[in-house]
Protein chains: 2
Amino acid sequence: MATIREVARAAGVSTATVSRVFSNSPLVSADTAERVLKSAQQLDYWPNSAARSLSTHRTHTIGIMLPDLFGEFYSDLMRGLDREASLHEYQILLSSSHSGGSDVLAASRAMLGRIDGLIMLAPDEKSIDTVERVRRRVPVVLLNPRQPVEGCHSVEVANYDGARRVVEYLLELGHRDLAFVAGPEGNVDAEERRRGFRESLQVAGLDPDQALELPGDFREIAGVEASTVILARHPRPTVVFAANDAMAIGLQSALHRAGCRVPQDISVVGFDNVAMAGYLNPPLTTVNVDACGLGREAVRMMLDVLRASEESAQIRRVIPAALKIRESCSAVEALRAGHKSNSN
Amino acid sequence: MATIREVARAAGVSTATVSRVFSNSPLVSADTAERVLKSAQQLDYWPNSAARSLSTHRTHTIGIMLPDLFGEFYSDLMRGLDREASLHEYQILLSSSHSGGSDVLAASRAMLGRIDGLIMLAPDEKSIDTVERVRRRVPVVLLNPRQPVEGCHSVEVANYDGARRVVEYLLELGHRDLAFVAGPEGNVDAEERRRGFRESLQVAGLDPDQALELPGDFREIAGVEASTVILARHPRPTVVFAANDAMAIGLQSALHRAGCRVPQDISVVGFDNVAMAGYLNPPLTTVNVDACGLGREAVRMMLDVLRASEESAQIRRVIPAALKIRESCSAVEALRAGHKSNSN
DNA sequence: TCATTTTATGAAACCGTTTACATCTGCAGC
DNA sequence: GCTGCAGATGTAAACGGTTTCATAAAATGA
């Protein structure tokens, strides 16, 4: 692999000139540039990015640190990050699949010197001091942080608002006996959604403790498992709010299999609005979460910070979560008599 | 940000010693090491990875180049790549969302010097010479290449085999009038699946031209669109084979909406076995594609190459694609009389 | 024609590491 | 009291670029 010196020698110029040619400096005459380019091509030369970033202190790379995720949220988020980054010719250094704590510290250290900034998803308590440390070196943008970190911008999904909107909608439909299938413990999105669920009930003067809260892990199977509890319950809840679509899908499937019709016998709501939510049977009422937009915003924010000469005030952007009404919820009055809940 | 020199000065040693401490060299006495570590901590020092890789020529990073993808395949693939890489403490430099050609060349050049090897998904004709060029610098592993490239190992999904197995199964069930919803033009997976479909028919002595082939793009909506053509067709095909699950889901949804029951009135097959395929109504018969395993294998292969001292023979690994039979296909005899096809 | 400015180029320091090699110290062996 | 050797450390040259500053050449203005 040819170096800049070999190209310089071949073209009969100095390394400075070659360097200038490859960074499109205007301080090189046209024919010199051409000569250099020709030599470079012959030698199959291309600047070594690592060496370049060592001396310029810019890497044109954004570090991304994610916990071990799965599902469509992850892939949409990545697409958003990805697209926006490549749009601006930035690369992405990815490090995921870690559980927090020292893990995260090691990973972010390995990134040091190779990234211009770091985007971090859902840092938990254990990662907070890592964030603080990284922040001294490069700008950090947080996604859905559990709590704001001094000096870090953040982009958040309005999980809480979305959940509140769902419950308000259900209350309007006359439901008073609600079940909730929660997401995994320790997951910020899951917790915010649950908080939204509980507080909405409280605000409406209902006792959240009386609502049926079932454990879940954001996977389809958790919805299936929840269904058995729900079906066995008397009086049976009139609606089930699953903390994400995957679980809602599992739930709907199990209910259908048990001969329980949605929404005639029981209503179901999800959260996320995954691509196929509209193609379910019945089409799923859910909350639209623009994961792709979340990623896009995070990258934009990062690029803004990188471009800015001086530090700006801490910015917190919120990606709205809008209710997407389809056909999986009906009004309570429409419920079959036999299954009608003894609400209020 | 402190450099190795400052730490050396603070600890009263040379930079060589500091370097040795941070690379766990045994050539440092215990108390010197301790002293160095203490100074480093005080100064909040951590080695600069870019500088490190400049002198060691190792980056501990694998480059990944993907076309602009969406859907569960992408996210599963990424998870496989990701997990295996972090398991071995490798990082991932991602560059995606490009369409091939000069785009790919530029992106891979930007990676030069920052990666130990490159994993590339579905390189098309336009990218072949980029691959050839990159290969001279770092090892390359190809995923689902359209054609093998001299000197590059590859991992492939048995798309063709999977499609053949589907058709064989359908023929066994007595179907003779098949429809196919294709994937996007130019997509290798899509094309291999279609080839499998066509050739199976041919082998069975059926005329592939007579089969109904509809265009698609791997999105749910394409399945919906296909349904209108299929329902209008007389005689109506007894089964629809969608080139991926997303389209199969769109299709099932549209058929249901049109009052056409699956599998009583028409059978449906997908491809991919996405997480929720088993929770559809009816559960979808499909082909299991282990995208996660594909990614895992690719990383393993790459790490093997990186560890190997000398070049080994070109390896080609195939990830099998097994038929996953659920409930969306029935035997032709079971079809309702009125809709029975005039097959054979 | 000469001083002045502009433009193109080169020399060399620098970015933050690693590592081959040199050096120093202390100790065992004779 | 040497020699030889092992272990711990230091020196300095890479690694492959960029960039400041100096300089040479060309263009400009008087």
Side-chain angles (χ1 to χ4, degrees), chain A residues 1-37 39-40 43-61 109-116 136-138, chain B residues 1-40 43-61 91 109-116 136-138:
Chain A
M1 33 201 146
T3 72
I4 198 173
R5 281 173 241 277
E6 300 173 45
V7 175
R9 189 146 41 82
V13 298
S14 73
T15 62
T17 301
V18 179
S19 171
R20 288 187 187 108
V21 170
F22 276 90
S23 40
N24 296 315
S25 161
L27 296 91
V28 172
S29 72
D31 53 342
T32 308
E34 197 184 342
R35 197 149 37 95
V36 169
L37 249 17
S39 304
L43 293 168
D44 198 12
Y45 166 80
W46 195 258
N48 178 311
S49 309
R52 213 171 208 183
S53 51
L54 181 57
S55 58
T56 57
H57 294 283
R58 314 231 57 242
T59 63
H60 246 72
T61 302
R109 274 180 166 163
M111 287 187 165
L112 240 60
R114 322 168 132 249
I115 57 173
D116 291 340
R136 277 179 241 159
R137 297 267 187 7
V138 294
Chain B
M1 35 202 145
T3 72
I4 200 172
R5 281 175 245 274
E6 300 172 47
V7 176
R9 190 145 41 83
V13 297
S14 73
T15 61
T17 302
V18 178
S19 171
R20 286 183 189 115
V21 170
F22 276 91
S23 39
N24 296 315
S25 160
L27 297 90
V28 175
S29 73
D31 52 342
T32 307
E34 198 184 341
R35 198 150 33 95
V36 168
L37 249 16
K38 216 175 73 187
S39 303
L43 293 169
D44 199 12
Y45 167 80
W46 196 259
N48 179 312
S49 310
R52 212 171 210 182
S53 51
L54 181 57
S55 62
T56 58
H57 294 283
R58 317 236 46 244
T59 63
H60 246 70
T61 302
Q91 292 190 295
R109 275 179 166 165
M111 287 187 165
L112 240 61
R114 320 167 135 251
I115 57 173
D116 291 340
R136 277 180 241 160
R137 297 264 183 16
V138 294

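Every heavy atom of this structure was used, including side-chain atoms; hydrogens, water molecules and symmetry mates were not. Bear in mind that the values here come from a model prediction, so they are computed numbers and not experimental data. Each chain gets a letter, A, B and so on, in the order the sequences are listed, and its residues count up from 1.
- Nearest to the side chain of B/T15, among C/dT18, C/dT9, D/dT9, sits C/dT18.
- Within the nucleic acid shown, A/S19 comes within 4.0 Å of at least one base atom, counting heavy atoms only.
- Distances shorter than 4.0 Å separate none of the side-chain N or O atoms of A/T32 from OP1 or OP2 on C/dA8.
- C/dT17 atom P lies 16 Å from atom CG of B/N24, rounded to whole Å.
- Atom C1' of nucleotide C/dT17 and atom CZ of A/R114 are separated by 13 Å, given to the nearest angstrom.
- Here C/dT17 is the nucleotide among D/dT11, C/dT17, C/dG16 with the atom lying nearest to any side-chain atom of B/R52.
- Within the structure, every side-chain polar atom (N or O) of B/S53 is placed at least 4.0 Å from both OP1 and OP2 of C/dT17.
- Residue B/R137 contributes atom CZ, which lies 11 Å from atom P of D/dG16 at whole-angstrom precision.
- Nucleotide C/dC15 holds its P atom 18 Å from the CZ atom of A/R58, rounded to whole Å.
- For A/S23 (side chain) and A/S25 (main-chain N/O), no donor-acceptor pair under 3.5 Å exists by modelled atom type.
- Sequence order on DNA chain C of the closest nucleotides to A/S14 and A/L54 puts A/S14 first from the 5' end.
- The phosphate of D/dG17 (OP1 or OP2) has no side-chain N or O of A/S49 nearer than 4.0 angstrom.
- The distance from atom CZ of A/R35 to atom C1' of C/dA8 is 12 Å, rounded to the nearest whole Å.
- For the pair B/M1 CE and C/dC15 P, the interatomic distance rounds to 11 Å; values are reported in whole Å.
- A close approach under 4.0 Å does not occur between any side-chain nitrogen or oxygen of B/T56 and OP1 or OP2 of C/dT19.
- Between A/N48 atom CG and C/dC15 atom P there is a gap of 18 Å when expressed in whole angstrom units.
- Using a 4.0 Å heavy-atom distance criterion, A/V13 is classed as a sugar-phosphate-only contact.
- The side chain of A/A16 lies closest to C/dG10, out of D/dT9, D/dC15, C/dG10.
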Quiz item: After noting the C-alpha distance and the side-chain angles of B/R35 and B/K38, does the key distance pass the side chain to side chain contact (heavy atoms under 4.5 Å, CB included) rule?
Solution: CA-CA 5 Å; B/R35 198 150 33 95; B/K38 216 175 73 187; 5.8 Å; no

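- Looking at every heavy atom in both residues, B/T15 comes nearest to B/A8 through N-CB, 3.7 Å.
- Judged purely by atom type and a 3.5 angstrom limit, A/S49 uses its side chain to pair as donor or acceptor with the backbone of B/A110.
- Side-chain contact check for A/R114 and B/T59: no donor-acceptor pair (N or O, by modelled atom type) lies under 3.5 Å.
- Remark: C1' of C/dC21 and CZ of B/R20 are 10 Å apart, rounded to the nearest angstrom.
- No hydrogens or angles were tested; on distance alone, a donor-acceptor pair under 3.5 Å links the side chain of B/R5 to the base of C/dG16.
- An OP1 or OP2 oxygen of D/dG17 is reached within less than 4.0 angstrom by no side-chain nitrogen or oxygen of A/S55.
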